[in-house]
Amino acid sequence: MSAQEAPTERPAPPARSGGAAALGWILTIGLNVVAPIITYNQLHDHGWSEFSALLLSSAWPVLDSAIHLAWRRKLDEFAVVTLVFLVITAVVSLIGAHSARALLIKDSGVTGLFGLLCLATLLAPRPLMFYFGRKFATDGTPESTAWWNGLWQYEGFRRTMIVMTTVWGVVYLIEAGVRIALAYAVDTDTMVVVSPVMIYTVLGCLGVWTALYGKRSQAEGERRAAAAEAEAEAEAEAEAQAQAQARANASTA
């Protein structure tokens, strides 16, 4: 279906399975966030190099992808992105010196590369935020996944995903540049405090903006759909009146 032929009214989401959603999120957070962090910290504390610890930590997202593939019969893009992010981090950890300032700059390089990844997916059939949105907006069941995938036919939905991906990419590139500049402008002790504050502040602000922008875009889409429906009803009524008038004129002729 072309963008011109696409209907204006979006279908409502199917009922979500609370149990499936909860189990999916437990696996996602546990295997993509908690387990890699714990694994990395434990290995690094026991003398492993950053690269080796990060590389081994990436086994958890691989496991998550395998479980999701066996359970849903499809690959989990969220776990794939997490794996790519960990691999990028591991590769960056090998580059250059290992001073405190160099490590801070490397952290900034990782978020900058994530920003580039966001912008690069604008050239793909679906931008990155489409897959992140599907992870948050559905419970992973075939019905809810099909509903989310079906929204791509709507021009407003496509524009929303593209704008979100663009904003995330640009903001993370700016954040990386600012942190790299600060790493040279302030002392290391100060930057050790400032760097994580910046990371979580930017992430929090992007999360809030994404939620607000998504709601506003949905409301705008519903408004346009209601206006289009009202216009179609008005045109149908006018056509009916014209036909009635034509019949009346024919009967009196």
Side-chain angles (χ1 to χ4, degrees), residues 25 28-38 40-41 44 50 53-54 57-58 60-61 76-93 95-96 99-124 126-137 159-218:
W25 274 111
T28 296
I29 300 300
L31 296 179
N32 289 279
V33 180
V34 178
I37 291 175
I38 293 176
Y40 172 79
N41 289 334
H44 195 254
E50 288 180 335
L54 283 167
S57 299
S58 66
W60 293 109
D76 183 11
E77 295 85 1
F78 187 88
V80 171
V81 171
T82 302
L83 176 60
V84 170
F85 192 75
L86 286 171
V87 171
I88 289 174
T89 305
V91 172
V92 170
S93 71
I95 300 173
S99 66
R101 176 173 281 112
L103 292 176
L104 290 170
I105 293 172
K106 290 176 183 180
D107 287 341
S108 304
V110 170
T111 56
L113 287 172
F114 177 75
L116 287 176
L117 176 63
C118 288
L119 297 179
T121 62
L122 294 174
L123 303 176
R126 302 284 191 276
L128 186 60
M129 286 302 119
F130 172 84
Y131 300 106
F132 275 26
R134 188 170 67 186
K135 188 69 178 180
F136 283 91
R159 183 175 61 252
T160 298
M161 294 297 105
I162 290 171
V163 170
M164 285 182 176
T165 304
T166 302
V167 170
W168 276 70
V170 171
V171 168
Y172 266 115
L173 283 176
I174 295 173
E175 182 264 1
V178 170
R179 282 205 292 141
I180 290 174
L182 287 176
Y184 286 102
V186 302
D187 61 87
T188 302
D189 290 342
T190 301
M191 195 57 196
V192 167
V193 176
V194 171
S195 184
V197 170
M198 284 188 62
I199 291 173
Y200 290 110
T201 299
V202 169
L203 178 60
C205 290
L206 281 173
V208 171
W209 173 84
T210 300
L212 294 177
Y213 179 72
K215 289 181 179 179
R216 189 182 70 179
S217 298
Q218 181 180 4

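In this structure, the separation between CG on L117 and CG on L128 is 5.5 Å, given to the nearest 0.5 Å. Between the OG1 atom of T160 and the CE atom of M129 there is a distance of 13.0 Å, given to the nearest 0.5 Å. For the atom pair L116 CG and T121 OG1, the distance stands at 11.0 Å (nearest 0.5 Å). Here R126 contributes atom CZ and I162 contributes atom CD1; the two are 10.5 Å apart, rounded to the nearest 0.5 Å.
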> Can V194 and V186 be said to form a side-chain contact (heavy atoms from CB on, under 4.5 Å), step by step?
Replying inline: CA-CA 10 Å; V194 171; V186 302; 5.9 Å; no
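Listed by first then second residue, pairs satisfying salt bridge (Lys or Arg N to Asp or Glu O under 4.0 Å) with a partner in residues 164-179 read E175-R179, not counting sequence neighbours.
Contact detail for G112 and L173: the closest heavy-atom pair is O-CD2, 3.3 Å. Smallest separation of non-hydrogen atoms from C118 and G169: CB-CA, 3.7 Å. Taking all atoms of both residues into account, the shortest heavy-atom contact from L122 to P127 is CD2-CB, 4.1 Å.
For the salt bridge (charged side-chain N to carboxylate O under 4.0 Å, His left out) test, residues two or more places apart in sequence or in another chain that qualify with R159 are E155.
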Under 3.5 Å, which donor-acceptor pairs link side chains of residues 201-213 to any protein atom two or more places apart or in another chain?
from, atom 1, to, atom 2, distance (Å)
T201, OG1, V197, O, 2.6
T210, OG1, W168, NE1, 2.8
T210, OG1, L206, O, 2.7

